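The figures that follow rest on heavy atoms only: side chains count, while hydrogens, waters and symmetry mates do not. Just so it is clear, the structure is predicted and the values come from calculations on it, not from any experiment.
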Amino acid sequence: MSAASQSPKRESRELQVPAELAGARADAIVSQLSGLSRTATGRLFEAQEVEVDGAPIAKSRKLAQGAAVHVLMPEEIDLSVIVPETVDGFSVIHADDDIVVIDKPAGVAAHPSPGWSGPTVLSALAGAGITVSTSGAAERQGIVHRLDVGTSGLMVVARSERAYATLKRAFKERTVEKIYHTVVQGMPDPMRGTIEAPIARHPDYEWRFAVIEGGRDSVTHYETLESFGRATLLEVHLETGRTHQIRVHFSALKHPCAGDLTYGADPALSAGLGLTRQWLHAQRLGFEHPGTGERVTFTSEPPADLSWALETLRDGGPR
């Protein structure tokens with residue numbers, strides 16, 4: 001790393017590989033020890049800003065215990081600063097003094113995080129002139145639950161302090177109805193069932209999750225809506241809400257979500273369906289309104305990319 005390449009705002013950090021990470025991939029080690037996201041870590045390797053013994057290394061390199069890894073950290077960003085922006089495909093389904101329900105497009109994160117430079121739900125709401133609760137960490141005020149960046153569909157964000165407290169409790173007590181539609185590869189057997197399998201971080205890939213004994217209890221209910229042979233449209237009800245839960249559970253059953261290359265989807269089928277992300281959509285969201293106490297339910301139709309893939313399957317494709 002030359003001195004010319006270093007910005008005054010960027011820190012050069014040395015990371016020592018501990019015994020428990022010995023033999024793991026360099027990108028997983030850097031991500032875990034630095035706290036950076038997978039995306040941010042990948043950018044550092046692409047820019048050759050991760051070195052061992054004075055030379056850039058590949059992200060797939062396995063590192064031994066005690067290895068000294070020199071990393072030029074990304075420029076620090078104040079995550080509490082939400083910059084308003086207009087986001088394509090972002091829409092407000094409902095807004096009142098307590099809540100705002102939005103239809104999130106894929107490619108949008110719930111809130112700012114280290115290494116994420118794309119749009120967020122909070123920046124889109126700010127761009128629409130909608131204020132949110134001040135409860136929660138500075139970079140995630142009003143956020144009571146999240147969807148993966150690559151997952152589209154319904155989210156509720158708290159606008160009042162009472163809404164934040166009430167909704168956080170409702171999610172914790174599992175009284176919120178969370179219904180997803182997903183297309184998975186193959187045909188799950190049985191056609192309707194429940195998956196109960198604990199989930200924890202993947203031992204080798206810090207940004208992935210897996211079914212692991214001793215992980216957090218995770219329960220997914222599903223039923224078949226349509227079957228196409230090579231793929232199946234399912235309705236999924238989440239009893240718990242673990243990170244990547246649907247994707248991990250169906251991958252463990254050898255029926256990964258179509259388009260989800262991270263969790264084992266067939267690249268050829270994904271390409272044939274025009275998918276550049278997992279076929280997963282938060283279709284229905286129901287909860288007691290924190291202001292009125294009445295049960296409210298919101299629904300959302302899949303966006304164009306998922307609809308096209310589904311129609312392709314209904315037409316007998318891809319061929």
Side-chain angles (χ1 to χ4, degrees), residues 86-94 101-110 118-119 121 124 145-156 177-195 220-238 241 244-286 297-319:
T86 300
V87 177
D88 290 341
F90 181 92
S91 61
V92 175
I93 303 298
H94 169 87
V101 179
I102 60 99
D103 205 340
K104 185 188 84 68
V108 177
V121 168
H145 72 125
R146 295 176 290 179
L147 295 178
D148 296 345
V149 170
T151 299
S152 55
L154 295 169
M155 281 183 62
V156 59
E177 180 188 41
K178 298 172 289 183
I179 303 295
Y180 294 75
H181 283 183
T182 184
V183 170
V184 300
Q185 292 182 192
M187 295 185 292
D189 183 17
M191 297 178 67
R192 171 185 296 182
T194 296
I195 307 168
T220 302
H221 308 282
Y222 72 91
E223 64 177 294
T224 297
L225 297 180
E226 294 182 69
S227 184
F228 311 103
R230 297 178 66 185
T232 302
L233 175 65
L234 302 176
E235 181 167 284
V236 178
H237 169 216
L238 287 186
H244 297 182
Q245 179 172 321
I246 294 173
R247 301 166 64 189
V248 170
H249 270 174
F250 284 101
S251 176
L253 292 184
K254 309 302 181 185
H255 296 291
C257 298
D260 194 357
L261 303 185
T262 298
Y263 286 103
D266 177 10
L269 178 61
S270 301
L273 295 175
L275 293 171
T276 57
R277 49 107 168 189
Q278 63 267 15
W279 205 117
L280 182 58
H281 183 70
Q283 189 266 344
R284 189 159 77 244
L285 188 63
T297 300
F298 302 92
T299 59
S300 166
E301 294 300 315
D305 61 331
L306 302 189
S307 295
W308 189 91
L310 189 56
E311 288 306 313
T312 299
L313 287 168
R314 287 170 175 159
D315 290 341
R319 297 177 174 84

**Asked** In this structure, are over 12 heavy atoms from other groups packed under 6.0 Å from Arg284 atom CZ?
**Response** yes
Quiz item: Would you find more than 12 non-hydrogen atoms of other residues, nucleotides or ligands less than 6.0 Å from Asp315 atom CG?
Solution: yes
Minimal heavy-atom distance between Pro318 and Leu273, with the atoms involved, is CD-CD2, 3.6 Å
When every non-hydrogen atom of Leu306 is compared with those of Trp279, the smallest separation belongs to O-NE1, 2.9 Å
Sorted by chain and residue number, the ring pair (Phe, Tyr, Trp, His ring centres under 6.0 Å) partners of His244 (sequence neighbours excluded) come out as Phe209, Tyr263
query: Quick one: are Arg192 and Thr224 in side-chain contact, heavy atoms under 4.5 Å?
result: no
So, do Leu238 and Thr220 sit near enough that their side-chain heavy atoms are less than 4.5 Å apart?
yes
> Regarding His255 and Gln185, is there a side-chain donor-to-acceptor distance under 3.5 Å anywhere?
Replying inline: no
May I ask you to check whether over 12 heavy atoms, not counting those of Glu301, lie within 6.0 Å of atom CD? no
Rounded to the nearest 0.5 angstrom, the NE2-CD1 distance for His94 and Ile102 is 13.5 Å
So CD1 of Ile93 and OG of Ser300: to nearest 0.5 Å the spacing works out to 6.0 Å
Rounding to 0.5 Å, atoms CZ (Arg277) and CG (Asp148) come to a distance of 10.5 Å
Interatomic distance, NE2@His281 vs OH@Tyr180, rounded to 0.5 Å, equals 10.5 Å
Check your understanding: If we only count heavy atoms from C-beta on, is the Asp260 to Phe250 side-chain gap below 4.5 Å?
Key -> no
Between Thr312 and Gly272, the two heavy atoms sitting closest are CG2-O, 4.3 Å
CG (Leu280) and OG (Ser152) are apart, to the nearest 0.5 Å, by 7.5 Å
The reported gap from NE2 in His181 to OH in Tyr222 (rounded to nearest 0.5 angstrom) is 15.5 Å
Closest non-hydrogen contact found for Thr232 with Pro188 is OG1-CD, 3.8 Å
Residues Gly107 and Pro119: closest non-hydrogen pair is O-CG, 3.7 Å
- Item | Sidechain-backbone polar pair: Ser307 side chain, Pro302 backbone, donor-acceptor under 3.5 Å | yes
| query | Under 3.5 Å, side chain of His145 to main-chain N/O of Val156, donor-acceptor pair present? | reply | yes
Minimal heavy-atom distance between Leu285 and Leu154, with the atoms involved, is N-CD1, 3.9 Å
